[in-house]
> 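For reference, the structure I am asking about is given below.
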Amino acid sequence: MASSRRQYPFHLIEPKWQQTWDEQQAFRAFNPGDSVPEGHPFGIRHNLSGKVARAEALPQKFYILDMFPYPSGAGLHVGHPEGYTATDILARYRRACGFNVLHPMGWDSFGLPAEQYAVKTGQHPRVTTEANIANFTRQIKSLGFSYDWSRELATTDVEYFKWTQWIFLKLYNSWFNPETNRAEPIETFNPIVEKIVTGRVSQPITIAPAFEYELRTVANKLLARGTRISTIKRTLVDSQRLAYVAKGDFWWCEQLGTVLSNEEVVDGKSEVGGFPVEKKPMLQWVLRITAYAERLFDDLDSIDWSNSLKEMQRNWIGRSEGAIVKFQVDVPGPNPVSFSVFTTRPDTLFGVTYMVVAPEHTFVDGIVALLEQKKRANYRVNEQITAPTIRIYSENISEIEVLSLSAALAKAKSRGLDLIENNPTANPPACIIESYAKHVSFEQEVSKQIQPVRDYKQQVAKKSDLERTELAKEKTGVFMGAYAINPVNSQRIPIWIADYVLSNYGTGAIMAVPAHDERDWEFAALFDLPIKEVVKSQKQRYCNRKPVHLDATDINLLHSPDFKPDIEFRNAGSLKGEWIDFLDREEAIKFFSGRSYDFGDIVPSSVEADGTTCNSDFLNGSTTPEAKKKISAWLEEKGLGKKTINYKLRDWLFSRQRYWGEPFPIVWKKDAAGNLYHEALPESSLPLLPPSLEDYKPMPDGQPPLARAKDWLNLPDGSVRETNTMPQWAGSCWYYLRYLDAKNNSAFVGKDVENYWMASNGKSAGVDLYVGGTEHAVLHLLYARFWHKVLFDLGYVSTPEPFYKLVNQGLILGSDGQKMSKSRGNVVNPDDVLVEYGADAFRLYEMFMGPLQDTKPWNINGVAGVYKFLGRVWRLFVDETSETEFEQAEATKEQSNQELLNLIKLNAAIKDVAATPAQLKTLHACIKKVTEDLDGMRFNTAISAMMVFVNDAITWETKPVSVLREFLQLLQPFAPHIAEELWSKVQSLKSKVNAADGSATLSIGHQTLDLAYSPWPKFDAALLVENEIEIPVQVNGKLRDVIKVSVNATAAELEALALANEKAKPYYEGKTIKKVIVVPKKLVNIVAA
RNA sequence: GCCGGUGUGGCGAAAUGGUAGACGCACAGGACUUAAAAUCCUGGGACCGUAAAACGUCGUGUGGGUUCGAGUCCCACCACCGGCACCA
């Protein structure tokens, strides 16, 4: 193929224009306050040449952004330029339309591959990174994208990550005020701490009761341990920062040598590399993204993203509405024990037949501890109490009396109760009156279960998350021995622990309603727990409790007409055998009666549906939504529950045990009591550079590589630096803001600049268009929205959302229809395509393949097709003889490229003459289609419209220059190089003919405008009007003929013409014509029967 | 299982409820050429016909429905792609 003749000399044209644009800085976007250089095409177009561009003088802005790439060693693949081409076309289009277009590019350059290479070779990651960036730059520039390279940035630039660290300090020094539902500087939290810890209030403050309770609990715990007041204050403050240190189980990846966030773990493997991961208890930095769950969820409604992407985010945030219900545990004694569950179906509260608590739940240890405490109490009998007065608790724990010992004993005796000491060290000693029998039964039941509970906990702890979820076909669990009291009917309900309940969702405990929850049903069937139906619905079914094996006779019977009413088999999984769902309870009983095998009994099948509540006392007869309302009100009134919204989203694990990332601007210190605590570095100390290392491996003890740099690590005052680094996502959380003001060294972005590019100005706000792949749906796009909202709350940016419109480009598959990958050997390197077809053809093909959002396979023949189209465009304009001369001259290699290109002359058929109406119609149909398609991002059909134009124009004997010129303006965004070259050739023929209607305005003032800045053509609808149109004639909706009529034909005329039509006649002859449908300018349909 | 999306020639695809398949690829025939490539012209959903055509019938994943008329709207289902998944 390389030997075949070029369709046109793109190999000379493309470098020429790329160089021109570079030298001219043609696509530089001007900020308010910038001075526009004399002669810059933007300045000429907008009358700002040589002037300072004040915000009011600048035209409407348009910010069009690509997801910046990670500059890998492999270079660009054809997937990258798909989105880049789309945005470039739109950027050029908007520029032509007169917008001030911001279209930047940069590098997401922190990342693992460079570091792994460094571990292997000792080469500093910066060296690798810079080489890769150079290669990416070359490749991207060779595609002729109109980026403003003066704003180029890399997340690894010191001047960039200085501000990433600065934003981290903002996060560190902020807290989320639940009262105002937004982030505030940490200082505004201090009065609350003061009130909680010391009770001092300088001015009235309101604290949400739940929040106050949470803080008080923490404070009281510390106080009880004798912690100093200053430490308590610090702990409280640290516990509320948006960037905080958390102790918890985190995903650890041995191969990568680092922890990973939830979003980075897919199917129990690392998203990068697919290595196994495990949960490990560790101390890590975490960002409080959960505080924003509600706003991140709700604000999705305000932005124009694809449905599927929004759904992915909604799924990830996982909002569910329900209620928290408090259950008392049936324990004897003065101290009430309770736990709460989260449920989305509080209306089924009467159907609760057991409770499940996650094995990790503190409640489990609590109940065990309680028992031991009880045990001890029981050994000390009443005689040992010698104090003159003691506290008496009755079974109703709210009653407290202070009595003498003898009075207490008498009282106990009179009620037939024993007196049991509970807290002999209290003053006066506290005692309780209890039914001794109750104690005994509690003790016996719980102590019997202590060992099984411990065993089960251990067994669960050993399981990997994968085993607990994916592989767990059969449920496991053990009874705790304790009972809860159902608040609605005071029934005693057994409490179990089971690992199908997750500790980190909701409250870590559930109320089980097996009749209306699949998981609960399975568990109940397995452990023979009761199943109580409380919702009647259309879908309700009944089945056998135990799975059964059916013999052939039974199967036949089930399929016989006797059992017509809907029978379904459910596979019983590893339990073997089958459950049979019947629509009708009677049918089920009828079937099972007389069977010899053990089928348990007939119970409601788990059906999670809305319906009518039954077996539920005061809720009976309510519809599900009504019942939810009623029960919620009832619970709230009694103080037993509360409507709640729960989110699946977890806080964002923000530290990594890596070298090649932003170091945390944090140091660790010890207070007088020897407690370790963290402190932020002052802003003035930024940037904090990573130390230089010889060895980039983590320490043998698992400490991050930064810990190797002892000089860096240890500060003169004895404090020690944080050795973790930030994840790769940190840099990409705000790069779109840095582009606005990339060189600013006094702020991460200037206020006025941010306001010009991001603030809502009626037509648009934020980034006007963001294009990138779906793979970042829950990573980058969620994190960036979160940071943006924090910056918004703190007053640094002017919109609550960063990306108002976002489009996902579809995946490009290999020619085999498979995902492109090295191992499949189906990767296409753009460089190879460019050598053979040039950048314009490459761009055109990427867009012509199909709709931008669709997944589509790469087909090299398709490139040849659009390449041929560009050849036709070329031949439409140039003189063939001159081209032959050019080719001969090129072979001698004696002239410069420009001299060679100058040899190519315009086609003699191109003349400065008035266009015929037909020619204008062809042109304006094309303008209309291309313009509308660009507005709708339908690039493929815009290109086909241009093909239609060329197919027609190439047949014209005389080609009016004004028409061809406007065509080049349409072509320019798609194939800018060839368009510029041909534009420069037609400049010699200045149009006078069509100047009157402005359609071929070539200059403003006295200067000629570059093609890239010449105003976008407007189509004239009047030129598109047809005199004669073709009207289909249908009989009963079927096409029978097409007639030519005047565009002004009336309905009556059309009807007459249609009825007179000879071809249509046979189809209704002999039938009566019922009516004739006439749609003027559209069709005629004769309805006959 | 739940959520989102897609389904139209040999292929990529196009069609405000109104002539299904624009445009392009591949293919076939022709022109130019010693020849090939390139270029230019012509053809084309399937079936039935025919020397060739005309005409006809069928046709947008499947089955129903609404409508004078459905690729497009409604209902049910199937297949594929993507996401989530013991989330209470």
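This one's a predicted model, so the numbers in the text were calculated from it and none came from an experiment. Computed from heavy atoms alone, side chains included, the values below leave out hydrogens, waters and symmetry copies. Here is how names work: the chains are called A, B, and so on, in the same order as the sequence lines, proteins then strands, and each is numbered from 1.
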> Kindly say if A/N861 contacts the phosphate of B/rC11, meaning a side-chain N or O under 4.0 Å from OP1 or OP2.
no
> Measuring from the side chain of A/I1077 (C-beta onward, heavy atoms only), which nucleotide among B/rA22, B/rC25, B/rG18 has the closest atom?
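Output: B/rG18.
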> Between A/S503 and A/G1037, which is nearer to the 5' end of RNA chain B once each is assigned its nearest nucleotide?
A/G1037
> Could you state the CD-P distance from A/E608 to B/rG1, rounded to the nearest angstrom?
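Going from CD in A/E608 over to P in B/rG1 covers 15 Å.
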> Using the P atom as the reference point in each nucleotide, state the distance between B/rC11 and B/rU19 in Å, no decimals.
24 Å
> Between the main-chain N or O of A/A1021 and the side-chain N or O of A/H924, is there a donor-acceptor pair closer than 3.5 Å?
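No, the answer is negative, given that no donor and acceptor are paired below the 3.5 Å cut-off.
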> For atom C1', what is the distance between B/rC2 and B/rU8, given to the nearest Å?
29 Å
> Write down the partner of B/rU39 under the Watson-Crick or G-U wobble criteria, each distance required to be under 3.5 Å.
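The answer is B/rA31, by the H-bond criterion.
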> Report the nucleotide, chosen from B/rA88, B/rU39, B/rG4, that has the shortest atom-to-atom distance to any side-chain atom of A/T343.
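Looking only at side-chain atoms, A/T343 lies closest to B/rA88.
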> Looking at the side chain of A/N940, which of B/rU19, B/rA13, B/rC23 is the nearest nucleotide?
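So the side chain of A/N940 is nearest to B/rA13.
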> Go through B/rG83, B/rG18, B/rA88 for me and flag the one nearest to the A/M312 side chain.
B/rG83
> Could you work out the separation of B/rA13 and B/rG7 based on their P atoms and round it to a whole Å?
9 Å
> Take the protein atom NZ of A/K856 and the nucleotide atom P of B/rA14, then report the distance between them rounded to whole Å.
10 Å
> Counting Watson-Crick and G-U wobble pairs only, both distances under 3.5 Å, name the nucleotide matched with B/rC2, or none.
B/rG83
> Using a 4.0 Å heavy-atom cut-off, does A/V501 contact any base of the nucleic acid, only the sugar-phosphate backbone, or nothing at all?
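Base, at least one base atom sits under 4.0 Å.
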> For the pair made of CG in A/L781 and C1' in B/rG83, what is the distance, rounded to whole Å?
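Whole-Å distance recorded here is 14 Å.
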> With heavy atoms under 4.0 Å as the rule, sort A/G506 into base, sugar-phosphate or nothing.
nothing
> Under 4.0 Å, counting only non-hydrogen atoms across every strand here, what does A/E311 touch: a base, just sugar-phosphate, or nothing?
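It contacts sugar-phosphate atoms only.
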> At 4.0 Å (heavy atoms only), tell me whether A/K1038 reaches a base, stays on the sugar-phosphate, or touches nothing.
sugar-phosphate
> Paired with B/rU66 by Watson-Crick or G-U wobble geometry, both distances under 3.5 Å: which nucleotide is it?
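Matched B/rU66 with nothing under the 3.5 Å cut-off.
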> Please tell me if A/Q7 has a side-chain N or O lying less than 4.0 Å from either OP1 or OP2 of B/rU39.
yes
> Please report, rounded to the nearest Å, how far the P atom of B/rU8 is from the CG atom of A/D854.
12 Å
> Among the nucleotides B/rA88, B/rC3, B/rU19, which one has an atom lying closest to any side-chain atom of A/V1042?
B/rU19
> Side chain of A/K1082 only, heavy atoms from C-beta on: which candidate in B/rC23, B/rU19, B/rU16 is closest?
B/rU16
> Could you tell me how far B/rG9 sits from B/rA46 if I compare only their P atoms? Round to whole Å.
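Per the computed distance, 12 Å lies between those P atoms.
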> A/Y783 vs A/W652 aromatic rings, parallel, tilted or perpendicular, using cut-offs 30° and 60°?
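Rings of A/Y783 and A/W652: parallel, as their planes differ by under 30°.
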> Rounding to a whole Å, what distance do you find between A/Y845:OH and B/rG12:C1'?
7 Å
> With a 3.5 angstrom cut-off on both distances, give the Watson-Crick or G-U wobble partner of B/rC25, or none if there isn't one.
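Check on B/rC25: paired to B/rG10, both distances under 3.5 Å.
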> Taking 4.0 Å as the cut-off, does a side-chain nitrogen or oxygen of A/N951 come that near to OP1 or OP2 on B/rG24?
yes
> Let me know the distance between CD1 of A/I954 and P of B/rC41, rounded to the nearest Å.
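For the pair A/I954 CD1 and B/rC41 P, the rounded distance is 8 Å.
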> Have a look at A/R650 and say if it touches a base, only the backbone sugar-phosphate, or nothing, with a 4.0 Å heavy-atom cut-off.
nothing
> Should A/S306 be listed as having a side-chain N or O under 4.0 Å from OP1 or OP2 of B/rG5?
no
> Kindly say whether A/L349 contributes a backbone atom to a donor-acceptor pair with the side chain of A/N486 at under 3.5 angstrom?
yes
> Using atom P of each nucleotide, how far apart are B/rA20 and B/rG5 to the nearest Å?
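Per the computed distance, 29 Å lies between those P atoms.
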> Taking the C1' atom in each of B/rG12 and B/rU16, what is the distance between them to the nearest angstrom?
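B/rG12 and B/rU16 have their C1' atoms separated by 25 Å.
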> Any idea which of B/rG4, B/rU57, B/rA26 is nearest the A/S308 side chain?
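That would be B/rG4.
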> Determine the interatomic distance between C1' on B/rA70 and the same-named atom on B/rA15; round to the nearest Å.
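It comes out at 13 Å once rounded to the nearest Å.
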> Can you check whether A/S944's main-chain N or O pairs, donor with acceptor, with A/K929's side chain at less than 3.5 Å?
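Judged by distance alone, no pair lies under 3.5 Å.
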> From B/rG83, B/rA88, B/rU57, pick the nucleotide closest to the side chain of A/L502?
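That would be B/rA88.
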> What about A/K475, does its side chain sit under 3.5 Å from the base of B/rC86 through a donor-acceptor pair?
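Donor-acceptor pair under 3.5 Å: yes.
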> On the six-membered ring of A/Y500, is A/K475 placed so that its NZ or CZ lies under 6.0 angstrom from the centre and within 45° of the ring axis?
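Flagged: A/K475 positioned over aromatic ring of A/Y500.
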> Among B/rC25, B/rC40, B/rG12, find the nucleotide with the atom closest to the side chain of A/R872.
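Taking heavy atoms from C-beta onward, the closest nucleotide is B/rC40.
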> Is there a side-chain polar atom (N or O) of A/K1075 under 4.0 Å from OP1 or OP2 of B/rC68?
yes
> Is the positively charged end of A/R785 above the ring of A/W305, judged by distance under 6.0 angstrom from the centroid and angle within 45° of the axis?
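Ring-cation test returns yes.
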> Determine, using ring centers only, whether A/F523 and A/Y354 are less than 6.0 Å apart.
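Centroid separation for A/Y354 and A/F523: below 6.0 Å.
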> Could one point to a donor on the side chain of A/N1085 or the base of B/rC68 with an acceptor on the other under 3.5 Å away?
yes
> What's the base orientation of B/rG9: syn (chi within 90° of 0) or anti?
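Syn, which is what one calls it when the glycosidic angle falls within 90° of 0.
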> With ring centroids as reference points, do A/F848 and A/F939 lie under 6.0 angstrom apart?
no
> Starting at CZ of A/F297 and ending at C1' of B/rC3, how long is that distance when rounded to a whole Å?
12 Å
> The side chain of A/W316 is closest to which nucleotide in this list: B/rC84, B/rA88, B/rG18?
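The listed nucleotide nearest to A/W316's side chain is B/rC84.
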> Under 4.0 Å, counting only non-hydrogen atoms across every strand here, what does A/K868 touch: a base, just sugar-phosphate, or nothing?
sugar-phosphate
> Using the P atom in both, what is the distance from B/rG63 to B/rG71, to the nearest Å?
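Roughly 13 Å separates the two P atoms.
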> Output yes when A/E846 and A/R843 qualify as a salt bridge under the 4.0 Å nitrogen-oxygen rule, no when they do not.
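Salt bridge: no.
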> When the distance from OH of A/Y867 to P of B/rC23 is rounded to whole Å, what number comes out?
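About 23 Å, once rounded to whole Å.
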> Need to verify one output field. Residue with the more 5' nearest nucleotide on RNA chain B, A/R319 or A/R875?
A/R875
